[in-house]
Amino acid sequence: MQTNMATLGKFISFEGIDGAGKSTHIELVRQLCEAAGKQVVQTREPGGTPLGEQLRGILLQQKMAPATEAMLMYAARHEHVVQVIQPALARGDWVISDRYVDSSIAYQGGGRALAQAQLDALGQIAIGDLLPDLTLLFDVPLEVAQERLARSRVFDKFEQEQADFFQAVRGRYLQIAATQPDRVKVVDASQSIEEIAEVVRGIVQTFLQRNAAIAESQA
Ligand code: ADP
Ligand code: TYD
């Protein structure tokens, strides 16, 4: 897809294995951005559009072949990009998404062992070159995530997967972070909520300051 349209806003995504604690910190990031005067669009994947939310219902409950799962994830993502993310960025809004394309690379690539070349081909159609400007990767050992999940909710299809699946997902996430350190910031999410909030605050404030400095130099 064509993604060379003007993007005046910024795009922040949250990533991590289930139970890492990313959803817990989204509100904080929203508040920090709003306090800096940004108009924020908060959204999630799979989902974020009426069709995407319908696909989410299917994807989180129904078993299917790995490639089917990948294609539906990227189909939902394309709708999300076209209907929500690109228009918001073009207006100058800031987009905060609970998961984006790194989830597919980690879960469908790492967890389900689909080839990266196949995911790249889907990505070419679904998102073109639209990557987040900042990604917060919440990283925890599996046992910690699993313990948090067990306390908090009924498991969906992914959350019922075995430890080796999540080990592969976590490993792939860390690979992405290692190859794209400017975009992907790893947060040690095994700490307390307060300690993590402090780290997240630091990363987002640095990002906000850097963007303010760039905007000023272009004015
Ligand atoms: P995710 O969105 O990454 O799946 P959540 O933010 O929903 O994870 O957190 C899963 C559960 O763990 C929730 O019950 C949440 O309150 C709890 N939790 C989140 N972060 C921490 C933390 N740092 N320490 C202890 N419990 C946490
Ligand atoms: P999420 O809503 O983050 O789950 P939770 O907040 O309950 O942890 O994500 C839904 C699930 O979908 C999660 O297990 C990860 C999975 N997923 C993929 O496998 N591939 C993808 O591309 C996306 C966006 C999510």
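Whatever order the structure lists them in is the order used to number ligands and atoms, beginning at 1.
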Validation row: Arg30, Gln42 side chains within 4.5 angstrom (heavy atoms): yes

Arg44 contact mode with ligand 2 (heavy-atom cut-off under 4.0 Å): neither

Minimum-distance protein heavy atom relative to atom 5 (P) of ligand 2: Arg153 NH2, 3.5 Å

Ligand 1 to Leu149 polar contact by distance, N or O atoms, under 3.5 Å: no

Contact atoms of ligand 1, heavy-atom distance to Ile196 under 4.0 Å: 23 (N)

Contact with ligand 1 for Gly16, non-hydrogen, under 4.0 angstrom: no

Shortest non-hydrogen separation from Leu59 to Met73 and the atoms involved: CD1-SD, 3.7 Å

Atom CD of Gln160 with >12 non-hydrogen neighbours under 6.0 angstrom: yes

Audit row: Glu143, Arg148, salt bridge (Lys or Arg N to Asp or Glu O under 4.0 Å) steps and yes/no: CA-CA 9 Å; Glu143 312 77 61; Arg148 287 179 188 168; over 6 Å; no

Lys NZ or Arg CZ of Arg210 over Phe207 ring: under 6.0 Å, within 45°: no

Closest approach of any protein heavy atom to atom 26 (N) of ligand 1, naming residue and atom: Arg148 NE, 3.6 Å

Protein residue, atom and distance nearest to atom 8 (O) of ligand 1, heavy-atom basis: Gly21 N, 3.1 Å

Candidate pair Asp93 and Lys38, rule salt bridge (Lys or Arg N to Asp or Glu O under 4.0 Å), full reasoning: CA-CA 7 Å; Asp93 292 354; Lys38 312 300 179 194; over 6 Å; no

Top protein contact for atom 2 (O) of ligand 2, by heavy-atom distance: Arg56 NH2, 2.6 Å

Point-to-point distance, once rounded to the nearest 0.5 Å, from CG of Leu55 to CD of Glu79: 8.5 Å

Heavy atom of the protein closest to atom 6 (O) of ligand 1 (residue, atom name, distance): Thr24 OG1, 2.6 Å

Protein contact to atom 1 (P) of ligand 2 [nearest heavy atom, distance to 0.1 Å]: Arg99 NE, 3.4 Å

Shortest protein contact, atom 23 (C) of ligand 2 (heavy atom only): Ser103 CB, 3.4 Å

Which residue and heavy atom of the protein sit nearest atom 14 (O) of ligand 1, plus the separation: Ser152 CB, 3.2 Å

Salt bridge Lys22-Glu15, side-chain N to carboxylate O under 4.0 Å: no

Side chain to side chain, Ile85 and Leu130, heavy atoms closer than 4.5 Å: yes

Aromatic ring pairing Phe138/His25, orientation class (parallel under 30°, perpendicular over 60°, tilted between): parallel

Heavy-atom nearest neighbour in the protein, as seen from atom 13 (C) of ligand 2, with distance rounded to 0.1 Å: Asp18 OD2, 3.3 Å

Sub-4.0 Å atoms of ligand 2 with respect to non-hydrogen atoms of Glu159: 5 (P), 7 (O), 8 (O)

Per-atom contacts, ligand 2 versus Glu45 - under 4.0 Å to a heavy atom: 24 (C)

Cys33 side chain near Val29 side chain, heavy-atom distance below 4.5 Å: yes

Pair Phe11 + Tyr100: ring centers closer than 6.0 Å: yes

Within-cut-off N or O pair, Arg77 and ligand 2, under 3.5 Å: yes

Top protein contact for atom 20 (N) of ligand 2, by heavy-atom distance: Gln108 OE1, 2.8 Å

Contact (N/O only, under 3.5 Å) between Lys22 and ligand 1: yes

Nearest protein heavy atom with distance in Å, relative to atom 7 (O) of ligand 1: Arg153 NH1, 3.3 Å

Contact check: Ala189 vs ligand 1, nitrogen or oxygen atoms, below 3.5 angstrom: no

Closest approach of any protein heavy atom to atom 22 (O) of ligand 2, naming residue and atom: Ser104 OG, 2.5 Å

Part of Glu69 with heavy atoms under 4.0 Å of ligand 2, whether side chain, backbone, both or neither: neither

Heavy-atom side-chain contact between Val140 and Ile17 under 4.5 Å: yes

Contact atoms of ligand 2, heavy-atom distance to Lys22 under 4.0 Å: 3 (O), 6 (O)

Any N or O of Gly19 closer than 3.5 Å to N or O of ligand 1: yes

Min heavy-atom dist Gln191 to ligand 1 below 4.0 Å: yes

Test salt bridge (Lys or Arg N to Asp or Glu O under 4.0 Å) applied to Arg183 and Asp102, step by step: CA-CA 11 Å; Arg183 171 174 72 89; Asp102 298 315; 2.8 Å; yes

Phe14 side chain reached by Ser97 side chain, heavy atoms, under 4.5 Å: no

Subset of ligand 2 atoms that lie under 4.0 Å from at least one heavy atom of Tyr107: 14 (O), 15 (C), 18 (C), 19 (O)

Side chain proximity check, Phe158 to Leu60, heavy atoms < 4.5 angstrom: yes

For Phe158, the ligand 2 atoms whose distance to one of its heavy atoms is below 4.0 Å: 11 (C), 12 (O), 14 (O), 16 (C), 19 (O)

Atom 10 (C) of ligand 2: the protein heavy-atom neighbour that sits closest, reported with distance to 0.1 Å: Leu60 CD1, 3.9 Å

Proximity to ligand 2 by part of Met73, non-hydrogen separation under 4.0 Å: side chain

Per-atom contacts, ligand 1 versus Ser192 - under 4.0 Å to a heavy atom: 23 (N)

Glu147 with Arg151: basic N within carboxylate O range, under 4.0 Å: yes

Heavy-atom check, side chain of Leu114 versus side chain of Leu119, under 4.5 Å: yes

Closest approach of any protein heavy atom to atom 2 (O) of ligand 1, naming residue and atom: Ser23 OG, 2.4 Å

